[in-house]
Every structure is written in structure tokens, then in C-alpha cells.
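Protein chains get the first letters and strands the later ones, always in sequence-line order, with residue 1 at the start of each.
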There are 2 protein chains.
Amino acid sequence: MSTTMRFKRSDCPITNVLDTLGDKWTLLVIRDLVLGKRRYQEFLSSPERIASNILADRLAKLEAAGLVTRRAYQQNPARHEYLLTKKGKGLEPVLEAIIVWGQKHYPGTKRFPTVRQGDGAVKQ
Amino acid sequence: MSTTMRFKRSDCPITNVLDTLGDKWTLLVIRDLVLGKRRYQEFLSSPERIASNILADRLAKLEAAGLVTRRAYQQNPARHEYLLTKKGKGLEPVLEAIIVWGQKHYPGTKRFPTVRQGDGAVKQ
DNA sequence: CCTTATAACTTGCAAAATGCAAGTCACACG
DNA sequence: CGTGTGACTTGCATTTTGCAAGTTATAAGG
């Protein structure tokens, strides 16, 4: 039969986005990437203090979902960095809408500054 | 001295939004409310099949967060409905941005139809 | 050399959240 | 009286999360 389960929970776009991004950490990693962070230690040093096993898990899942690419930026010793794909960058309007609503309803919150300007190498 | 911990994880607006909405179910309840659903059984009947204990938990948290109001629409027996507050309705642009990105990257997903047009009249 | 440091993870385990089934309670209807 | 409905609650197993510590490779300093 051709009743292939195309979607995990339903064919609602919101549901499918939540199946990828619906937790307390994934979108914060995306936020850091949008702000220009690229390296493991940079993500770890964000004020929310993500645990290293959660970070590793989220980076792997984001890579599997095609939102992030991992690449070595040097050998000996091998060091890696993470960059948003075009698909990942497409989430910026979502983050923007969240920031607008968040700033309005959580007084005192502040948009974080970018950590690296210019030089926006985006890998397809 | 203002050493009061104003924020749970950080003063990032995104982080604070995620502390309220960052899981796989809360935004789906909001979606249902935006679509016009109001009653417990209506939320339960959505295709994602939320468990009743999770639904009760999320409705209580949404009410505590000021996104939803609960009110009796009849007595004997008491029956309640849930409505978005103005603050809750303010999330529509966030949902909209998620739908736009979701429809683009999850081919075959479809925006769900509203279930109730117009205002207060609730038909049985 | 030998100690210390750094990047990028991995492992172990306790705690919390989620999922599923079933139960509860107050009524209304026939 | 028996059945049905709405709105939850409860119990318990599974899954996910959080925290601390360990690992591997290499480099830099004394």
C-alpha cells in the first residue's frame, strides 16, 4: 500500500518545524550561529550555559537536518567550525519575530550583539 | 543592590520566549487557539494527538503566563473554554514566520483551516 | 621532557519530562 | 438505571535532559 507515513505527527508545517526545533536549546544554537559564532567553545560560552553533550547532540541533529554544515578550519590538530546553510539562514525571520514579541513581553531583555562582522562565508 | 535574578537563563529575548514556548506541544496549542479551537476535546482531537495530561499541563502554564484565559461558558455542569489573550494573539506573526519557513522546507505540509469564523457564538 | 592548556567531544548516571492507559467526577439524557 | 460527555487526574514506563567528569590529540612553556 502507498500509505507511506510522510510526516511524523501531522502534515502541519508548524508541527514539522517543532519536530526539528521544538526544545529549549536548538534555537539558541541557531541564534549563536546567526550572531556569528562558529566554534564549539563559543557556543559553550553563551550565558545560558548549554551542557556539552546537549550541544554535541544539537549540532549533529542540525547537520542531519541540513541547517548547519561542519567543516575543518585547520588540521594538526583538527579543529572544526559550524556554519549555517542557506536553509538555516532562512530562519532569521522566525528569530526576528520571536525577538519582537519577546522584547515586548519580557521587559529588560536585550538583543544580543553579533560577534563577528563581515566575512559571512555561507556553505550550501 | 539589584542582584535579583530577573531571568532564568539569560536576558536574551529568544531564551525567555523558549522558557515559555520551547517544547513540542505548547505552540501547537497556540496554533489550535489561533485557528479558533476553544475546548479541551477540540485540542485533544487535533491530528498530533496530544496526551490529555500534557494538554492540561500546557493550558495551565499558558494561563499562568497570561497567554490564555479560561472561562466557564455554562454552569450545571460547569464547562470551560480557553481563549487567547491579546498577548497570546501577539504570537501570530511568529506562527506565520514558522509556517512560511515550514512550507518551504517541508514539502507537502499544509496550513490548517480555521474551525470557527466570527466571534463569540459557540454552536453545539 | 614534562607539565599544563585547549578544542572538541564522550560517558555515566540522576532528575525531569513525556507518553500511554485507565480512572474520576459531575451531571444530562432516555 | 445505564450510558454518554466534558474536563480533567493518576500511575507508571520510557525518553530526554542536566551535570560532572573523562578522553584524545596536539601545542606551548619551563
Side-chain angles (χ1 to χ4, degrees), chain A residues 5 7-10 15 18-30 32-33 36-65 68-83 115-116, chain B residues 5 7-10 15 18-29 32-33 36-65 68-83 115-116 122-124:
Chain A
M5 184 80 79
F7 303 109
K8 201 176 150 206
R9 291 194 292 176
S10 80
T15 302
L18 289 177
D19 284 339
T20 308
L21 306 174
D23 70 88
K24 294 215 185 302
W25 292 109
T26 305
L27 222 47
L28 292 186
V29 176
I30 306 265
D32 281 354
L33 285 160
K37 292 192 178 186
R38 294 176 184 179
R39 298 181 187 178
Y40 207 83
Q41 298 298 324
E42 290 184 287
F43 304 125
L44 284 182
S45 71
S46 286
E48 294 85 7
R49 315 261 62 190
I50 189 171
S52 61
N53 56 341
I54 304 288
L55 175 59
D57 178 80
R58 294 306 187 279
L59 286 171
K61 283 178 177 163
L62 285 172
E63 199 187 354
V68 157
T69 44
R70 183 184 118 116
R71 73 167 190 210
Y73 64 86
Q74 73 168 43
Q75 302 293 348
N76 286 353
R79 292 283 180 263
H80 300 95
E81 65 184 0
Y82 297 88
L83 296 171
V115 298
R116 206 183 257 111
Chain B
M5 182 81 80
F7 303 109
K8 199 176 151 206
R9 291 194 291 174
S10 80
T15 303
L18 289 177
D19 284 339
T20 307
L21 306 174
D23 70 89
K24 294 216 184 302
W25 292 109
T26 305
L27 263 188
L28 292 186
V29 176
D32 281 353
L33 285 160
K37 293 191 178 184
R38 294 176 183 179
R39 298 182 186 176
Y40 207 83
Q41 298 298 323
E42 291 184 287
F43 304 125
L44 284 182
S45 70
S46 286
E48 293 85 6
R49 317 259 64 191
I50 189 171
S52 60
N53 55 342
I54 305 287
L55 175 59
D57 178 79
R58 293 306 186 279
L59 287 172
K61 282 177 177 162
L62 285 171
E63 199 187 353
V68 157
T69 45
R70 184 183 116 116
R71 73 166 191 212
Y73 63 85
Q74 73 168 43
Q75 302 294 348
N76 286 356
R79 292 283 180 263
H80 300 95
E81 64 184 1
Y82 297 88
L83 297 171
V115 297
R116 205 184 258 110
V122 182
K123 57 185 166 131
Q124 175 66 355

Describe the nucleic acid contact of Tyr82(A) in one word from base, sugar-phosphate, nothing, applying a heavy-atom distance below 4.0 Å.
sugar-phosphate
Heavy atoms only, 4.0 Å cut-off, all strands: where does Arg49(A) land among base, sugar-phosphate and nothing?
nothing
Can you check the [X] [atom1] to [N] [atom2] distance for me, whole Å?
{"X": "Glu81(A)", "N": "dT6(C)", "atom1": "CD", "atom2": "P", "value": "20 Å"}
{"X": "Lys8(A)", "N": "dT18(C)", "atom1": "NZ", "atom2": "P", "value": "13 Å"}
{"X": "Arg58(B)", "N": "dG19(C)", "atom1": "CZ", "atom2": "P", "value": "8 Å"}
{"X": "Ile54(A)", "N": "dT16(D)", "atom1": "CD1", "atom2": "P", "value": "11 Å"}
{"X": "Glu42(B)", "N": "dT5(D)", "atom1": "CD", "atom2": "P", "value": "15 Å"}
{"X": "Asp23(A)", "N": "dA16(C)", "atom1": "CG", "atom2": "C1'", "value": "15 Å"}
{"X": "Asp57(B)", "N": "dA17(C)", "atom1": "CG", "atom2": "C1'", "value": "9 Å"}
{"X": "Arg9(B)", "N": "dC19(D)", "atom1": "CZ", "atom2": "P", "value": "11 Å"}

Applying side chain to side chain contact (heavy atoms under 4.5 Å, CB included) to Leu28(A) and Ile50(A), what does each step give before you reach the verdict?
CA-CA 9 Å; Leu28(A) 292 186; Ile50(A) 189 171; over 6 Å; no
Should the pair Arg39(A) and Tyr73(A) be classed as cation-pi, given the thresholds of under 6.0 Å to the six-membered ring centre and 45° from the axis?
yes
Rounded to the nearest 0.5 Å, what separates atom [atom1] in [X] from atom [atom2] in [Y]?
{"X": "Thr15(B)", "Y": "Leu27(A)", "atom1": "OG1", "atom2": "CG", "value": "9.5 Å"}
{"X": "Asp32(A)", "Y": "Arg38(A)", "atom1": "CG", "atom2": "CZ", "value": "13.5 Å"}
{"X": "Thr26(A)", "Y": "Asp57(A)", "atom1": "OG1", "atom2": "CG", "value": "8.0 Å"}

Any Arg70(A) side-chain N or O less than 4.0 Å from OP1/OP2 of dC9(C)
yes
Taking the side chain as every heavy atom from C-beta outward, state whether [X] and [Y] have any pair of such atoms under 4.5 Å apart.
{"X": "Arg70(B)", "Y": "Tyr82(B)", "result": "yes"}
{"X": "Arg9(A)", "Y": "Asp19(A)", "result": "yes"}
{"X": "Leu83(A)", "Y": "Arg71(A)", "result": "yes"}
{"X": "Arg58(A)", "Y": "Phe43(A)", "result": "no"}

Nucleotide-resolved protein contact map, nucleotides 25-30 of chain C, B/S/- at heavy-atom distance under 4.0 Å:
--SS--
Nearest listed nucleotide, side chain of [X], among [options]:
{"X": "Tyr73(A)", "options": "dA7(C), dG19(C), dC8(D)", "result": "dA7(C)"}
{"X": "Trp25(A)", "options": "dG19(C), dG18(D), dG6(D)", "result": "dG18(D)"}
{"X": "Arg39(A)", "options": "dT17(D), dC8(D), dA8(C)", "result": "dA8(C)"}

Each nucleotide N or O in nucleotides 9-13 of chain D that has a protein N or O under 3.5 Å away: list the pair and distance.
from, atom 1, to, atom 2, distance (Å)
dT9(D), O4, Ser52(B), OG, 2.6

